[in-house]
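Reminder, nothing fancy here: chain letters follow the sequence lines and each chain counts from 1.
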Number of protein chains: 2
Amino acid sequence: MSEPRQPAAKLIYERLETMIAEGHFKDGERLDETMLAQEFGVSRTPLREALRQLTANGLTETFPNRGTFVRRPDFVRIVEMFEVMAEMEAWCARLAATRATAAQLLLLRHAASRCEAALQENDSRAYYAHNETFHRLIYEASGNGFLAEETSAMQGRLKAFRQAQLFVPDRLARSMQEHRMILKALEAQDAPAVERLVRDHVRIQSTTYQEFRAPDDLAEGAAWFDKAASRKASTV
Amino acid sequence: MSEPRQPAAKLIYERLETMIAEGHFKDGERLDETMLAQEFGVSRTPLREALRQLTANGLTETFPNRGTFVRRPDFVRIVEMFEVMAEMEAWCARLAATRATAAQLLLLRHAASRCEAALQENDSRAYYAHNETFHRLIYEASGNGFLAEETSAMQGRLKAFRQAQLFVPDRLARSMQEHRMILKALEAQDAPAVERLVRDHVRIQSTTYQEFRAPDDLAEGAAWFDKAASRKASTV
DNA sequence: TTTTTACGGATTGTGTACAAGTTTTTTGAG
DNA sequence: CTCAAAAAACTTGTACACAATCCGTAAAAA
């Protein structure tokens with residue numbers, strides 16, 4: 001019943017992802033393979049894989065023979081990310097409104113009731129997990145397999161940046177209320193309503209993140225633009 | 001003036017990507033690291049990096065300690081991919097209609113005239129390159145940096161599957177005409193028109209691909225679904 | 001003084017060997 | 001003959017060593 005042992009590379013990827021999301025690195029900071037390998041107690045091989053994965057997801061930038069550098073998202077970028085996420089999910093939801101099968105609606109209701117139960121018990125972790133299922137079911141109900149995969153991948157990429165909003169007061173209760181409305185609109189096959197509801201439901205996450213981290217990032221935002229400008233000049 | 005030598009891993013990635021797009025592998029076929037390393041004349045280290053990159057882009061699937069398996073897209077998936085691409089580009093374009101700066105419009109006109117020149121000389125390669133610039137400029141004009149990057153990345157991922165449509169007769173001339181209309185609508189800041197024009201402009205690429213490869217893929221499509229079903233059963 | 005070039009140190013890219021895990025074959029009992 | 005368990009063969013995951021490349025510094029030339 002225990003999980004099959006995960007490769008070290010994946011674990012390291014997740015740790016680095018969290019560290020970047022939580023701001024443990026400065027923007028533009030170089031991630032030294034040798035040093036990090038020592039810190040994590042592994043060789044450079046799995047660590048390099050993790051770095052490449054980070055770059056694939058846009059969290060770092062890699063220059064051949066020069067190394068990989070963190071791209072710490074400022075608050076503008078965070079908003080942009082959730083904006084894109086909201087649009088993708090809204091598109092999924094609009095398609096799902098007319099394409100979802102009875103079985104898929106059943107699964108959605110089930111996931112929603114699981115969220116409800118978690119809310120009753122005030123179990124943030126459980127709510128978070130079932131919330132993820134609820135959203136993923138909508139992606140799949142869109143009927144476009146590729147879109148569903150891409151949206152799911154995007155959700156995974158933003159997960160690290162969404163952790164903070166768990167602790168925003170009353171967010172869970174409000175989220176649940178939004179889920180109820182989304183489900184209702186889906187059952188009514190009201191595509192425009194579903195699209196709007198889901199877009200707002202996802203978008204709000206960026207505003208909570210902003211509230212949570214803005215003071216920090218506003219200060220660092222200016223430095224970021226300077227660095228980005230000089231970096232651009234040196235690489236072009 | 002010569003290009004800085006590319007790492008072997010990147011070159012191998014591109015070759016494998018093309019091979020998958022061109023159908024050199026069966027769907028579900030395992031990509032043997034040792035064997036491929038021998039064929040490409042490199043060690044397993046850079047080859048593994050290429051495989052991981054393929055998986056990150058959804059062209060293959062990797063199971064820990066079991067290997068990576070190709071996910072050859074059937075024609076349904078191809079259509080889905082261009083559908084998503086069309087929607088992303090359309091969104092960029094709609095935003096660009098109201099947000100593009102004068103400088104960005106100038107660059108767009110420049111890229112369009114480059115396309116025009118390439119068309120006059122019947123230089124498909126050049127047209128293809130300037131076409132890419134034209135589209136990328138629209139992404140950037142959206143004003144959402146993250147969206148621009150993601151759309152650009154998606155374009156890169158679909159590039160391998162778009163090669164075929166270069167050879168569809170009159171496609172270049174029609175594409176150019178579409179560019180002209182898009183540019184005109186952008187200058188007029190007519191967001192709804194731009195959105196619609198770009199969506200159709202991108203969408204049509206999937207239909208040409210479909211015409212080009214459908215006979216093949218229709219036959220293999222059935223086998224694909226069978227395999228996918230059995231694979232699902234074995235991994236769950 | 002300013003620019004160019006050569007060198008030294010450090011870091012990434014790749015090859016190879018071994019460890020860990022998976023699949024297939026073999027072997028034995030029922 | 002069938003099925004289960006064990007072992008052999010094979011494949012991926014990781015460690016480590018060396019090669020290729022880049023960066024900074026300092027010396028030399030303009």
Judged by atom type as modelled, is there a donor-acceptor pair below 3.5 Å linking the side chain of [X] to the main-chain atoms of [Y]?
X       : Y        : value
A:Asp74 : A:Val76  : yes
B:Arg44 : B:Thr34  : no
A:Glu80 : B:Gly145 : yes

Check: Taking the six-membered ring where the residue is Trp, are the ring centres of A:Phe161 and A:Phe82 under 6.0 Å apart?
Finding: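 No, ring centres 6.0 Å or more apart.
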Report the distance from atom [atom1] of [X] to atom [atom2] of [N], rounded to the nearest whole Å.
X       : N      : atom1 : atom2 : result
A:Glu33 : C:dT11 : CD    : P     : 11 Å
B:Phe63 : C:dT23 : CZ    : P     : 11 Å
B:Leu11 : C:dT14 : CG    : P     : 9 Å

Item checked: Listed nucleotide nearest any side-chain atom of A:Pro7, set D:dG13, C:dT11, D:dT12 ->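 Nearest nucleotide to the side chain: D:dG13.
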Checklist line | Residue A:Asp32, side-chain heavy atoms: nucleotide from C:dT14, D:dC23, C:dT12 that is nearest | finding: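 From the listed options, C:dT12 comes nearest.
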Contact list (N/O, under 3.5 angstrom) for nucleotides 17-21 of chain C vs protein:
| from | atom 1 | to | atom 2 | distance (Å) |
| --- | --- | --- | --- | --- |
| C:dG21 | O3' | B:Asn65 | ND2 | 3.4 |

Next item on the list: Give, ordered by number, those residues of residues 47-60 of chain B having at least one heavy-atom distance below 4.0 Å to an atom of DNA chain C; if nothing qualifies, reply none.
Entry: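 Hits under 4.0 Å, by residue number: none.
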Does the pair [X]/[Y] count as a salt bridge with the N-to-O cut at 4.0 Å?
X        : Y        : answer
B:Arg71  : A:Glu149 : yes
A:Glu17  : A:Lys159 : no
B:Glu39  : B:Arg15  : no
A:Glu140 : A:Arg136 : yes
B:Arg72  : B:Glu29  : no

Pull out every protein N or O sitting under 3.5 Å from an N or O of nucleotides 6-9 of chain D, one pair per line with the distance.
none

Checklist line | Shortest non-hydrogen separation from B:Cys92 to B:Thr151 and the atoms involved | finding: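 B:Cys92 and B:Thr151 have their closest heavy atoms at SG-OG1, 3.5 Å.
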Note to self: Heavy atoms within less than 4.0 Å of DNA chain D: which residues of residues 34-43 of chain A have one? Give them sorted by number.
What the structure shows: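 Result for residues 34-43 of chain A: A:Val42, A:Ser43, sorted by number.
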Check: Sequence neighbours excluded, which residues qualify as salt bridge (Lys or Arg N to Asp or Glu O under 4.0 Å) partners of B:Asp123?
Finding: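 Salt bridge (Lys or Arg N to Asp or Glu O under 4.0 Å) check on B:Asp123 returns nothing, list empty.
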Margin query: Nearest 0.5 Å, please: how far is CG in A:Leu31 from CD1 in A:Ile20?
Written below: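 Going from CD1 on A:Ile20 over to CG on A:Leu31, the span is 6.0 Å.
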Notebook entry, point to check: Does A:Leu106 have any side chain to side chain contact (heavy atoms under 4.5 Å, CB included) partners at least two apart in sequence or in another chain, and if so, which?
Noted result: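 With neighbours one apart ignored, the set is A:Arg109.
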